[in-house]
Amino acid sequence: MQLARLSRPFWRGGTFRTWATRCWRRSWVNEARPLGAMSPSAGAGTNLKEVFREKIEPMHKQVVELREKYGEEVLGTCTVSQAYGGMRSVKCMTYETSLLDPEEGIRFRGYSIPECQKLLPKAKPDGAEPLPESLFWLLLTGDVPTDAQVAQLQEDMRERARVPADVLKILDSMPHEQLHPMSQFAAAINLLQRESAMAAAYANGANKSSYWEHCLEDALTLIARLPEVAARIYRNTFHGGKHVPPGQLGDAHDMGKRLARLLGFESPEFDELMRLYLVIHADHEGGNVSAHAVRLVGSALSDPYMAFAAGMNGLAGPLHGLANQEVLRWLVQLRQRLGDRPMTTENLTELCWQTLNEGHVIPGFGHAVLRKTDPRYTAQRQFALKHLPHDDMFQLVSKLYEVVPQVLEAQGKVKNPWPNVDQHSGVLLQYYGLRESQYYTVLFGVSRSLGTLASLVWDRALGLPLERPKSVTTEWIREHFHKQPMKA
Ligand SMILES: CC(C)(COP(=O)(O)OP(=O)(O)OC[C@H]1O[C@@H](n2cnc3c(N)ncnc32)[C@H](O)[C@@H]1OP(=O)(O)O)[C@@H](O)C(=O)NCCC(=O)NCCS
């Protein structure tokens, strides 16, 4: 498989430099993957926990060796501007499940989104998008799973999936109109926490070396329950509390279809959209707000429920996951402001400037790390071209792809004028009838559990310590660099 991937002509997908970087990265990824040493075809079995158990020791050994060899090398530096500027580009943490290249976008365990779409198992008989459980397997173990491995994981998840009745009752009694769906979502995760295996094991004096097992246990249970939690919030908030009983889900065996049906959607195309959605939003390396919050809170040995709830509070910010809600609101407003005028470059340019002059960002454009069009945007665009090429809102999004980067370039501040994942997701959801944009970030949150919790299991397996970077005051900086007395 590696040979097939490397034998593609280098010019497919970029310049010689991109190709060379990619080759270097791949060799790094493969060398760095003790995981590849035990491929599924080598008879690794179908039990995720047992497959993962085998991965820990070689990975741990590798980390020890790297620390012995390169422990004193400088990984990154931090300037005063970076300290004030959100620590952009400061290389100061490790994160195993995914890596983000500014030009090329995300790779899950070394695989790009198109490669994942090609290689990961799909729904039988004719699914085209990867199964979300297969991505979780990949993120956790580094291996592309077999059909049998995914089937067993799905069965395990189904057994864990039912949310306790009293938790549902509390969700039903929340003030749905006043409480944002993300607040309900974070509250629900904290409510589920009382069943944490990690918290119970810690309270019972579990050995440190077993933490990962309890963390994995919690990760699997939480991921399995999130579709029902998310759907409950949706049906309570927007459909008068009329629920689809999980007992009536029939053959909804995978997480994507289960989520779609619980939300109340029946179309196989929407099932596919949910699968794609859950896969592409899952992970975006370790420094983004939600992933880092999960890592940070988990490093205090707060259990996975606590850690994930913290991440979801971060995802709810408009500069992060809430941007998908903001994008649809902005598109609808743009449509209204356009009125009867045609969707021309001139008219859209004028309206984009209006947004900027009102002191707002254009949601769905720009990124803290990416410097090209987000491949997650491209994957959704391809889905739209296949399933809804003539949708009016998709036409608008397509036209904005031509217009907004030019406007942002002309404004002269933005480091990346290209669209990100959030620019496209709402348009797909609204096409199938999920029009309540305040809800969109909950779906993002369900997806993000796959990446951040897989990573959290590795944190405990590797015994990563409490995170505690050093901060300084502005006075400290002034004294340190100007040698001035701090106080008169
Ligand atoms: C994602 C985002 C927060 C990254 O922020 P960042 O790393 O600080 O980005 P930059 O370094 O390019 O920002 C430089 C300037 O351009 C502005 N800028 C960045 N993206 C912009 C956008 N889409 N529209 C208008 N202005 C933007 C920033 O606000 C900043 O302005 P300031 O100097 O007045 O504070 C930013 O691009 C943004 O706000 N995008 C819109 C929200 C969004 O889509 N978020 C989802 C991200 S996946």
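Residue numbers run from 1 in the order of the sequence given. The figures here come from the full heavy-atom set of this structure, side chains too, leaving out hydrogens, waters and symmetry mates. Both ligands and their constituent atoms are indexed starting at 1 by order of listing.
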Do Ser98 side-chain atoms and Glu285 backbone N/O form a donor-acceptor pair below 3.5 Å? yes
Please state whether the rings of His480 and Trp476 are parallel, tilted or perpendicular, taking 30° and 60° as the class boundaries. parallel
Evaluate the side-chain hydrogen bond (donor to acceptor under 3.5 Å, both in side chains) criterion for residues Lys399 and Thr344: first the C-alpha distance (whole Å), next the side-chain angles of each, then the deciding distance (0.1 Å), finally the verdict. CA-CA 8 Å; Lys399 192 72 190 158; Thr344 60; over 6 Å; no
Could you list each nitrogen or oxygen of ligand 1 that sits under 3.5 Å from a protein nitrogen or oxygen, with the atom names and the distance?
from: ligand 1; atom 1: 7 (O); to: Arg88; atom 2: NE; distance (Å): 2.9
from: ligand 1; atom 1: 7 (O); to: Arg88; atom 2: NH2; distance (Å): 3.1
from: ligand 1; atom 1: 8 (O); to: Arg88; atom 2: NH2; distance (Å): 3.2
from: ligand 1; atom 1: 11 (O); to: Lys415; atom 2: NZ; distance (Å): 2.8
from: ligand 1; atom 1: 12 (O); to: Lys415; atom 2: N; distance (Å): 2.8
from: ligand 1; atom 1: 23 (N); to: Ile362; atom 2: O; distance (Å): 2.8
from: ligand 1; atom 1: 23 (N); to: Phe365; atom 2: O; distance (Å): 2.8
from: ligand 1; atom 1: 24 (N); to: Ile362; atom 2: N; distance (Å): 2.9
from: ligand 1; atom 1: 31 (O); to: Lys413; atom 2: NZ; distance (Å): 3.4
from: ligand 1; atom 1: 34 (O); to: Lys413; atom 2: NZ; distance (Å): 2.7
from: ligand 1; atom 1: 40 (N); to: Phe365; atom 2: O; distance (Å): 2.9
from: ligand 1; atom 1: 44 (O); to: Gly364; atom 2: N; distance (Å): 2.8
from: ligand 1; atom 1: 44 (O); to: Asn420; atom 2: ND2; distance (Å): 3.0
from: ligand 1; atom 1: 45 (N); to: Leu319; atom 2: O; distance (Å): 3.1

Measure from the side-chain N and O atoms of Asn416 to the backbone N and O of Trp418, and report whether any donor-acceptor pair falls under 3.5 Å. yes
Can you list, pair by pair, the side-chain donor-acceptor contacts under 3.5 Å of residues 83-90, counting residues two or more places apart and other chains?
from: Tyr84; atom 1: OH; to: Thr474; atom 2: OG1; distance (Å): 2.6
from: Arg88; atom 1: NH1; to: Gly86; atom 2: O; distance (Å): 3.3

Between His360 and Glu326, do the side chains contain a donor N or O and an acceptor N or O under 3.5 Å apart? no
